Protein chains: 2
Amino acid sequence: MNRKATALDVAKLAGVSRSAVSLVLNGRGDGNVALESQQRIREAAATLNYTPNKIALSLRNRQSRIIGIVSDQVVTSPFDGNIIAGADAVAREHGFVTVVMDTELDGSRDEGAVETLLDRQVDGLMYVTVGLRPLHVPANMERVPSILANCFDDRPEAGVGAVIPDEVRGGREAAEHVMSLGHRDIAFLAGDSLTPAAPRRIQGYRDAFLRAGLPVNEARVLQVGWDIDAGFHGAMKLLDGAEAGRRPTAILCANDRLAIGVVLACYRLGLSVPQDISVMGYDDEFRVAKSMVPALSTMALPLREMGAAAMTALLGDVTHHRTHVAEGSETDGAPGGSGTETMVPCRLVVRESTGPVPEGR
Amino acid sequence: MNRKATALDVAKLAGVSRSAVSLVLNGRGDGNVALESQQRIREAAATLNYTPNKIALSLRNRQSRIIGIVSDQVVTSPFDGNIIAGADAVAREHGFVTVVMDTELDGSRDEGAVETLLDRQVDGLMYVTVGLRPLHVPANMERVPSILANCFDDRPEAGVGAVIPDEVRGGREAAEHVMSLGHRDIAFLAGDSLTPAAPRRIQGYRDAFLRAGLPVNEARVLQVGWDIDAGFHGAMKLLDGAEAGRRPTAILCANDRLAIGVVLACYRLGLSVPQDISVMGYDDEFRVAKSMVPALSTMALPLREMGAAAMTALLGDVTHHRTHVAEGSETDGAPGGSGTETMVPCRLVVRESTGPVPEGR
DNA sequence: TTGAAAGCGTTACCAC
DNA sequence: GTGGTAACGCTTTCAA
């Protein structure tokens with residue numbers, strides 16, 4: 001590996017000083033360096049294929065242009081990777097790079113991950129989780145501008161800003177979608193309450209009934225889990241043995257996997273989707289919802305948008321933080337959108353698993 | 001943010017020179033620094049909460065201890081994230097950090113991603129893909145030690161080393177599993193041939209018949225796609241309308257999603273799995289295979305192992321490379337395991353979707 | 001208009 | 001056994 005060209009190499013080749021090179025290549029040549037020299041410098045840089053050493057730059061500028069992302073299991077699980085993709089895209093646009101550390105769901109690794117990142121002099125920190133949940137924010141995280149994506153500070157005063165999906169509204173709009181198709185006996189299959197996603201989506205479901213002036217039948221709400229088998233057994237409980245007139249005409253699921261389970265159960269019982277029963281998912285999971293048979297109507301989580309919004313806010317803070325520190329006017333705590341909680345709406349996706357309510361129901 | 005303590009701060013507090021601090025904190029104090037001073041230095045470092053600035057270290061050592069990972073869509077897709085997790089775990093063990101750039105399947109971004117990473121002075125590069133495939137290795141990738149994970153150099157001479165799953169053997173062992181249950185009329189549902197995964201798994205399937213001295217019925221091999229609907233329609237073609245005696249007794253799928261589609265089709269046709277028909281997946285997809293109804297027998301991809309193996313090889317190269325360069329004895333090309341292709345075996349996972357062949361078949 | 005020098009935080013070498 | 005100094009590659013200030 002032939003060592004990369006340095007600014008000095010360029011200066012030599014162009015027959016000028018290092019400073020001139022720096023000036024010109026940073027756009028501050030005009031008025032400082034002779035036009036002829038500028039030309040020669042640019043040429044030299046081009047032929048030597050020169051790009052400044054980011055490490056030296058970081059040291060000099062006391063800014064690494066690295067954003068640290070710690071996640072609970074975004075890397076290892078198949079979910080929510082698009083939060084990071086959205087965040088990374090924004091970072092890249094601004095000349096930042098992200099380094100992500102996945103704790104693989106081991107909370108005791110949080111502090112260590114943040115420490116490692118801090119040691120690397122990251123300019124900002126983002127915590128991303130799989131599934132909405134309260135987060136015990138690692139203490140050392142607040143030493144640089146920080147933000148939370150898909151999770152929120154579990155302390156009441158909410159020290160760190162957060163970007164989360166509007167799950168209540170998502171649940172409500174899902175229910176309203178099937179209501180608009182004439183359904184009234186609507187079941188809701190949710191995961192456990194270990195994460196707030198389920199309760200919030202259920203809350204939205206209730207809101208829809210309230211708004212419609214309809215009573216909520218609590219027996220129709222089943223908290224069963226998050227996986228295919230849970231959906232299957234939940235649906236069996238709802239449908240097996242019930243006469244056609246007494247079973248729900250629509251089943252709303254808190255994620256697409258549950259919906260798979262529900263459809264599986266329907267088929268097993270000889271029921272058609274959506275003719276006999278409408279089924280809805282949640283998440284619009286990549287290469288699942290769209291390719292199911294039938295293709296799943298679902299509520300898409302705004303993952304990319306959340307990541308992008310979080311990164312945009314964070315980068316704003318990073319910049320402010322820097323100028324503040326430069327001015328010596330410490331903001332003292334409260335970075336990262338300063339405790340603001342931003343809600344991003346979900347997006348209804350109508351496909352083929354939901355249809356008009358059967359005749360007579 | 002109160003600026004972090006530097007070695008100078010520690011030296012001052014301990015009343016010694018910076019060099020002494022450096023020596024002691026790097027374990028080379030004994031025989032160089034008075035024991036009493038060593039003690040004071042350690043204390044000072046502790047009270048100041050001193051950790052060396054990695055950026056300065058990188059500049060000084062001309063080694064960033066960062067490994068760049070570029071991926072086609074590992075971040076954005078739900079698959080294969082465990083390759084990166086496995087790689088990252090090994091990197092972390094060795095004091096390295098990984099930064100991954102996802103090109104989101106846009107091949108034209110490859111060179112740029114590598115460039116960005118190179119600018120950041122990464123010590124090594126890894127390319128990771130979703131699904132086995134030949135890779136047109138970005139030219140600038142070979143400027144530092146490099147390795148491929150789940151992909152292989154598309155040039156015949158294979159310049160860059162690679163770690164890939166043994167798909168042929170995986171396909172063979174899948175077939176042998178159902179054969180051991182007495183099945184003889186076995187169908188294989190594969191994705192398209194755009195990636196070599198399908199052909200290789202099919203090859204393995206054929207090998208199993210060959211080894212068993214059985215003829216291969218080519219009409220039983222269907223290349224339909226990779227998603228749920230493809231599995232559904234493929235299975236329909238195989239099963240719908242066929243008398244019980246003329247349909248395959250087992251369907252092997254090239255991934256778990258296809259298997260979901262197959263099970264869906266079976267249920268729709270009133271067939272039981274595995275009583276009437278055995279179904280096998282491939283990948284052991286997280287939170288899919290295990291929770292399907294019935295739980296899917298499948299062939300697990302050795303994702304973590306592949307990532308770990310690739311990173312181990314790469315790190316070895318990084319170290320050699322360094323010493324070589326230091327000695328001025330350029331290896332000149334051929335880094336990254338020097339074109340070696342390492343195969344990692346898949347792992348058979350038997351669950352409930354495969355069972356003994358039905359009576360009379 | 002140009003170039004010299006200081007400084008970012010380390011470590012390693014070399015006098016003392 | 002100790003501490004000063006140079007060097008890593010860059011930017012920026014200041015003097016010529």
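Since we're looking at a predicted model, the values are computed, not measured. Convention: sequence-line order gives letters A, B, ...; per-chain numbering from 1.
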More than 12 heavy atoms from other groups under 6.0 Å of CD on B:Glu36: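 Open: at most 12 neighbouring heavy atoms sit under 6.0 Å from CD of B:Glu36.
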
Within the 4.0 Å heavy-atom criterion, would you say [X] contacts the bases, only the backbone, or no part of the nucleic acid?
X	answer
B:Ala7	sugar-phosphate
A:Leu59	base
B:Asn32	base

Residues two or more places apart in sequence or in another chain: which of them pass side chain to side chain contact (heavy atoms under 4.5 Å, CB included) with [X]?
X	result
B:Gln39	B:Glu43
A:Asp119	A:Glu115, B:Lys4, B:Thr51, B:Lys54
B:Leu59	A:Ile55, A:Ala56, A:Leu59
B:Ser77	A:Phe286, B:Gln73, B:Phe79, B:Val130

Global bending angle along the helix from C:dT1-D:dA16 to C:dC16-D:dG1, which compares the axes of five pairs at either end, to 10 degrees: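 About 60°, once rounded to a multiple of 10°.
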
Interatomic distance, [X] [atom1] vs [N] [atom2] [rounded to whole Å]:
X	N	atom1	atom2	result
A:Tyr50	D:dG9	OH	P	10 Å
B:Leu25	C:dT11	CG	P	8 Å
B:Leu35	D:dG1	CG	C1'	11 Å
A:Leu8	D:dA7	CG	C1'	13 Å
A:Ile41	C:dT2	CD1	C1'	10 Å
B:Arg65	C:dT10	CZ	P	17 Å
B:Gln63	C:dT11	CD	P	13 Å
A:Lys54	D:dT11	NZ	C1'	14 Å

Proximity to DNA chain C (any heavy atom under 4.0 Å), residues of residues 111-121 of chain A only: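 DNA chain C contact set from residues 111-121 of chain A: none.
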
Residues which pass salt bridge (Lys or Arg N to Asp or Glu O under 4.0 Å) with B:Asp153, listed by chain and number, not counting sequence neighbours: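 Testing B:Asp153 for salt bridge (Lys or Arg N to Asp or Glu O under 4.0 Å), a comparison that skips the adjacent residues, returns B:Arg155.
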
Using the 3.5 Å cut-off, write out each protein N or O paired with an N or O of nucleotides 12-16 of chain C and the distance between them.
unit_1	atom_1	unit_2	atom_2	d
C:dA12	OP2	B:Arg28	NH2	3.2

A:Val16 side chain near A:Val33 side chain, heavy-atom distance below 4.5 Å: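 They are not in contact (no side-chain heavy atoms under 4.5 Å apart), so the answer is no.
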
All pairs passing side-chain hydrogen bond (donor to acceptor under 3.5 Å, both in side chains) where residues 81-96 of chain B contributes a residue, at least two apart: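 Pairs touching residues 81-96 of chain B that pass the test: B:Asn82-B:Arg304, B:Asp88-B:Thr98.
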
Under-4.0 Å side-chain N/O to phosphate OP1/OP2 contact, A:Arg62 with D:dT11: no

Side-chain N or O of A:Ser37 closer than 4.0 Å to phosphate OP1/OP2 of C:dT2: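 Checking A:Ser37 against C:dT2: at least one side-chain N or O falls below 4.0 Å of OP1 or OP2.
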
Contacts of B:Thr103 that satisfy side chain to side chain donor-acceptor pair (under 3.5 Å) - sequence neighbours left out: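 Applying side chain to side chain donor-acceptor pair (under 3.5 Å) to B:Thr103 gives none.
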
Partners meeting side chain to side chain donor-acceptor pair (under 3.5 Å) with B:Ser71 (sequence neighbours left out): B:Asp102

Summary of salt bridge (charged side-chain N to carboxylate O under 4.0 Å, His left out) pairs that have at least one residue in residues 64-74 of chain A, sequence neighbours excluded: A:Asp72-A:Arg133

Option among A:Leu125, A:Ile67, A:Val122, A:Ile147 that satisfies the side-chain contact (heavy atoms from CB on, under 4.5 Å) test with A:Val318: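 Considering A:Leu125, A:Ile67, A:Val122, A:Ile147, a side-chain contact (heavy atoms from CB on, under 4.5 Å) with A:Val318 is found only for A:Ile67.
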
